[in-house]
There are 2 protein chains.
Amino acid sequence: METSHTGDELARILATLANPHRMRVIAALAHGRNYVSALARELGISRPLLQLHLAKLEAAGLVTAAFELSADGKAMKYYDTVPFTVTLTPQSIAQAARTLTTVEGDN
Amino acid sequence: METSHTGDELARILATLANPHRMRVIAALAHGRNYVSALARELGISRPLLQLHLAKLEAAGLVTAAFELSADGKAMKYYDTVPFTVTLTPQSIAQAARTLTTVEGDN
DNA sequence: GGCACATGCTAGTTTTTTCTTGCAGGTGAA
DNA sequence: TTCACCTGCAAGAAAAAACTAGCATGTGCC
């Protein structure tokens with residue numbers, strides 16, 4: 001559950017979600033947690049590419065990672081979605097825009 | 001007022017909103033409509049740059065443009081925000097992801 | 001005419017993001 | 001040992017986005 005974000009946080013969240021691969025990752029994880037190699041196979045993309053997207057999703061706080069040992073002793077990195085609710089309206093954008101830190105010239 | 005979007009529409013909306021300049025444009029227009037030259041001065045950015053961002057906002061359906069003649073007969077292009085409400089949750093993302101059209105390899 | 005304001009467009013650069021390729025490490029099992 | 005899995009990382013290529021600079025148009029007013 002998300003409450004309010006700074007403008008920069010919101011911008012990062014939106015930029016992170018605005019990608020087809022990452023939307024599919026969220027969709028896949030919404031059905032249940034999974035580890036990266038299996039997830040890569042499920043989505044039909046390369047593992048390094050998936051790791052890149054997972055890193056961005058995690059940086060934005062939209063998924064979490066947890067190491068776990070499989071039955072046969074292998075280290076698996078499991079990812080799961082973080083529940084969130086973000087409501088976008090012109091007003092909420094305006095509110096967030098007030099806390100943007102992008103410095104350029106002046107304002 | 002927004003209802004449901006295709007995955008591609010949602011991705012475009014999010015990508016459009018995920019930019020500091022465009023967030024500020026939404027914020028500025030939320031206070032009232034304005035024309036591009038005045039808006040550029042208010043935001044402290046160049047007019048060509050603002051026009052680029054306005055074009056993207058309009059393409060995403062987040063703002064509308066209307067030509068109007070000023071008192072002294074000059075053609076002014078006024079922009080205004082379009083009311084919208086987009087709620088993001090893992091489920092809504094998953095739902096949108098089903099209609100993504102990005103073709104790559106297979107799925 | 002010349003100045004100040006409005007718009008539009010385009011070509012080229014810079015920056016960021018995306019993606020591939022390839023190599024490293026580790027484990028258990030045949 | 002070799003094979004099939006798992007992870008991590010980094011360098012370089014490719015693609016997309018952001019931004020600048022400059023020129024064009026038009027208007028009314030002094």
Side-chain angles (χ1 to χ4, degrees), chain A residues 8 11-25 33-60 62-80 100 102-106, chain B residues 8 11-26 33-60 62-80 100 102-107:
Chain A
D8 298 303
R12 157 161 279 186
I13 289 173
L14 296 183
T16 303
L17 290 176
N19 178 286
H21 284 322
R22 292 193 286 265
M23 288 179 66
R24 289 200 191 92
V25 170
R33 60 208 299 272
N34 206 352
Y35 62 97
V36 340
S37 287
L39 195 52
R41 286 189 292 265
E42 180 181 336
L43 296 175
I45 65 176
S46 73
R47 190 176 51 83
L49 179 57
L50 176 60
Q51 286 176 317
L52 173 86
H53 289 306
L54 284 172
K56 297 206 170 192
L57 284 164
E58 191 175 11
L62 300 174
V63 303
T64 49
F67 268 104
E68 241 163 78
L69 286 185
S70 66
D72 60 345
K74 285 179 186 152
M76 328 278 276
K77 194 170 191 179
Y78 275 84
Y79 277 92
D80 205 343
L100 286 173
T102 10
V103 189
E104 62 208 287
D106 51 7
Chain B
D8 298 303
R12 157 162 279 187
I13 289 172
L14 296 182
T16 302
L17 290 177
N19 179 285
H21 284 324
R22 291 193 287 264
M23 289 179 67
R24 288 200 192 90
V25 169
I26 295 279
R33 58 208 299 271
N34 206 352
Y35 62 97
V36 338
S37 287
L39 195 51
R41 285 190 294 266
E42 179 181 336
L43 295 174
I45 64 177
S46 72
R47 190 177 50 82
L49 181 56
L50 176 61
Q51 286 174 319
L52 175 85
H53 290 305
L54 284 172
K56 296 206 172 193
L57 285 165
E58 191 175 11
L62 299 173
V63 303
T64 48
F67 268 105
E68 240 162 81
L69 285 185
S70 67
D72 60 345
K74 284 178 188 156
M76 327 278 275
K77 193 170 190 179
Y78 275 85
Y79 277 91
D80 205 343
L100 285 173
T102 11
V103 188
E104 60 208 289
D106 49 8
N107 244 47

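The figures here come from the full heavy-atom set of this structure, side chains too, leaving out hydrogens, waters and symmetry mates. Keep in mind that this is a model prediction, so the values were computed, not measured. A, B, ... follow the sequence lines: proteins, then strands. Residue 1 opens every chain.
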Which heavy-atom pair separates A:Thr16 from A:Ala60 by the least distance, and what is that distance?
->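 Here A:Thr16 and A:Ala60 meet closest at OG1-CB, 3.5 Å.
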
Please check the phosphate of [N] (OP1 and OP2 only) for any side-chain N or O of [X] closer than 4.0 Å.
X       : N      : result
A:Ser37 : D:dT7  : yes
A:Lys77 : D:dG8  : yes
B:Tyr35 : C:dT7  : no
B:Arg22 : D:dA17 : no
B:His21 : D:dC19 : yes
A:Gln51 : D:dG8  : yes
A:Asn19 : C:dT17 : no

Check the interface with nucleotides 11-16 of chain C: list each N/O to N/O pair with the protein under 3.5 Å, or write none.
none

Nearest listed nucleotide, side chain of B:Ser46, among D:dC19, D:dT20, D:dC5 =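 Among the listed nucleotides, the one closest to the side chain of B:Ser46 is D:dT20.
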
For atom [atom1] of [X] and atom [atom2] of [N], their distance in whole Å:
X       : N      : atom1 : atom2 : result
A:His53 : C:dT17 : NE2   : P     : 13 Å
B:Leu39 : C:dA6  : CG    : P     : 12 Å
A:Phe67 : D:dC6  : CZ    : P     : 13 Å
B:Glu68 : C:dT7  : CD    : C1'   : 15 Å
A:Leu49 : D:dG12 : CG    : P     : 20 Å
A:Arg41 : D:dA4  : CZ    : P     : 14 Å
B:Leu52 : C:dT7  : CG    : C1'   : 16 Å
B:Leu69 : C:dC5  : CG    : C1'   : 14 Å

Option from A:Leu39, A:Asp80, A:Val25 for which side-chain contact (heavy atoms from CB on, under 4.5 Å) with A:Asn34 holds |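 Running side-chain contact (heavy atoms from CB on, under 4.5 Å) over A:Leu39, A:Asp80, A:Val25 with A:Asn34 returns exactly one hit, A:Leu39.
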
Can you measure from [atom1] ([X]) to [atom2] ([Y]) and round to the nearest 0.5 angstrom?
X        : Y       : atom1 : atom2 : value
A:Ile13  : A:Asp8  : CD1   : CG    : 11.0 Å
A:Gln51  : A:Ser46 : CD    : OG    : 8.5 Å
A:Ile45  : A:His53 : CD1   : NE2   : 5.5 Å
B:Leu52  : B:Leu57 : CG    : CG    : 9.5 Å
B:Leu100 : A:Arg24 : CG    : CZ    : 5.0 Å
B:Leu17  : B:Arg22 : CG    : CZ    : 8.0 Å

Residue met sooner reading DNA chain C from 5', once A:Lys56 and B:Tyr79 are mapped to nucleotides |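 That would be B:Tyr79.
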
Option among B:Lys77, B:Lys74, B:Arg33 that satisfies the salt bridge (Lys or Arg N to Asp or Glu O under 4.0 Å) test with B:Glu68 =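 Considering B:Lys77, B:Lys74, B:Arg33, a salt bridge (Lys or Arg N to Asp or Glu O under 4.0 Å) with B:Glu68 is found only for B:Arg33.
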
In terms of the nearest nucleotide of DNA chain D, which residue is placed more toward the 5' end: A:Ala75 or A:Pro48?
->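 The 5'-side residue here is A:Ala75.
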
Take B:Leu43 and B:His21, measure what side chain to side chain contact (heavy atoms under 4.5 Å, CB included) needs, and give me the verdict at the end.
-> CA-CA 8 Å; B:Leu43 295 174; B:His21 284 324; over 6 Å; no

With sugar-phosphate taken as primed atoms, P, OP1 and OP2 and all else as base, the protein-contact string of nucleotides 24-30 of chain D at under 4.0 Å (heavy atoms; B, S, -) is ---BS--

